[in-house]
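Basis for what follows: all heavy atoms, side chains included, without hydrogens, waters or symmetry-related copies.
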Amino acid sequence: MAQQVSTSQILADTLKLQIGNISSVIEKQGRTIFGGSNLLDPDEITDFCVEFLELLVTLLESKDPEDDASPQFHALEMYFNNLSRQILMRGGRVEDLVRYIQFMQRTLLEMLSENKNISVKEARAILLYLSGIFNELILAVFAAYLEEKESTIFAQEKELRETSTPITEIWDGVLTLPIIGTLDSSRTMIVMEALLNRIARDRAEAVVMDLTGVKNIDSQVSHHLIQMVRAVQLMGSDAIITGIRPEIARALTSLNIDLGNVVTRATLSDGLKEAFRRLGIQVSKHA
Amino acid sequence: MHLTEIGRGVFLLEPSLSLDISARDELIITVLSIIQQSQADKLYYDLADLPLIDPLYYQWLNMLARACRAVNVTMACIRMQPTAAFGLTSYMEGRPDFSVERGVR
């Protein structure tokens, strides 16, 4: 521990002594990497460099600089995490940020190598210490990158789900729900929730669910489908399923799914006719 | 619990949230005696204020519907909430003893 205290003290002293030089070197590199593509403006780069060095000195002068759970270390980590998000949101690449962090580490080590009062043993300890810190910072950047990507994927999935199951009121009191693609349990649940709320909102009398675009179905999903039909019926609406492909029909029968209480029609058009018939609506060509 | 005659032979039952279904036998007798006196043939059970129907409540609804059928009254549950319908489908088997309608016709 005594060795570590002296290592961090040497680092802090050298940093404070050469803070101007270090800052200008990393600022220049920052402008080359992020300034050219307008990811960060010059003022932001300057602020970033100053704040980074301040946070690093605060960590080095803290009670236990090696403690990666300390508030000072957390502050440094969060700073990079936020910077990473900011750059990624502006269309930057995570590789550039990682290379920049590595450059900052190299710059610090080069400045320290100019200090002739540092022994080989101390230099080795400093190298190990700095490597540890910068590795953690790179991990923080990657964590932010992954979180950002995950949230983007999640948002895209949500949007895709919403657009792939459009519930349309095709006539007063008649809703249509064309289901396209693969039905999995989570999607079925989302569709069911949206559909039931829509029935309540629009006071729909009939719902036509068209499965023409459904490629395959498993036992859990077919169970959810029946559950959806039952829920629609419980809300006092008629549920009509259309477009059951031969493969789906075969799957339903082999899964012993009882469609006895479910009204089915071959096509969406037939389903709509059935819904209109139930509502007493007559659609005819103008003479 | 409010039981109102809303038309000739048509009653609307609005259960309050404090309806004690543990005393269902007494409740059934009370409801049936009122609707029988008025020679009703239809009872609407309003579920608008029930966000969830648990198995015990579902049992009560079925029991009341069967009792109504015994005195030639049809019971229809109306205004079931999406959450209640969704929850009910997760455990109900077969068809309920009551019919369902969107609202009073």
Checklist entry - When you check the gap from the basic side-chain N to the acidic O, do Arg90(A) and Glu44(A) get nearer than 4.0 Å? => result yes

Checklist entry - Between Glu274(A) and Arg277(A), is there a side-chain N and carboxylate O pair less than 4.0 Å apart? => result yes

Can you measure from [atom1] ([X]) to [atom2] ([Y]) and round to the nearest 0.5 angstrom?
{"X": "Leu76(A)", "Y": "Phe52(A)", "atom1": "CG", "atom2": "CZ", "result": "6.5 Å"}
{"X": "Leu12(B)", "Y": "Leu3(B)", "atom1": "CG", "atom2": "CG", "result": "8.0 Å"}
{"X": "Leu175(A)", "Y": "Leu195(A)", "atom1": "CG", "atom2": "CG", "result": "6.5 Å"}
{"X": "Phe34(A)", "Y": "Leu83(A)", "atom1": "CZ", "atom2": "CG", "result": "6.5 Å"}
{"X": "Ile167(A)", "Y": "Leu177(A)", "atom1": "CD1", "atom2": "CG", "result": "5.5 Å"}

Checklist outcome for this item: Most heavy-atom pairs under 4.5 Å with chain B, out of Gln227(A), Arg230(A), His224(A), belong to Gln227(A)

Item to check | Glu205(A) versus chain B, the contacting section by heavy-atom distance below 4.5 Å | outcome: both

Checklist outcome for this item: When the 4.5 angstrom heavy-atom criterion is applied to Met192(A) and chain B, the contacting part is side chain

Item to check | Distance-only donor-acceptor check, side chains Asp270(A) and Thr267(A), under 3.5 Å | outcome: yes

Checklist entry - Should we say atom CE of Met1(B) is surrounded by more than 12 heavy atoms from elsewhere, each under 6.0 Å from it? => result yes

Next on the checklist: Please check if the number of heavy atoms outside Tyr100(A) that lie under 6.0 Å from its OH is greater than 12.
Outcome noted: yes

Next on the checklist: Counting the benzene-type ring for Trp, do Tyr79(A) and Phe48(A) have ring centres under 6.0 Å apart?
Outcome noted: yes

Checklist entry - What residues of residues 52-91 of chain B sit under 4.5 Å from chain A when only non-hydrogen atoms are counted? => result Met80(B), Gln81(B), Pro82(B), Ala85(B), Phe86(B), Leu88(B), Thr89(B), Ser90(B)

Next on the checklist: At under 4.5 Å between heavy atoms, what parts of residues 25-46 of chain B are in contact with chain A? List them by residue number.
Outcome noted: none

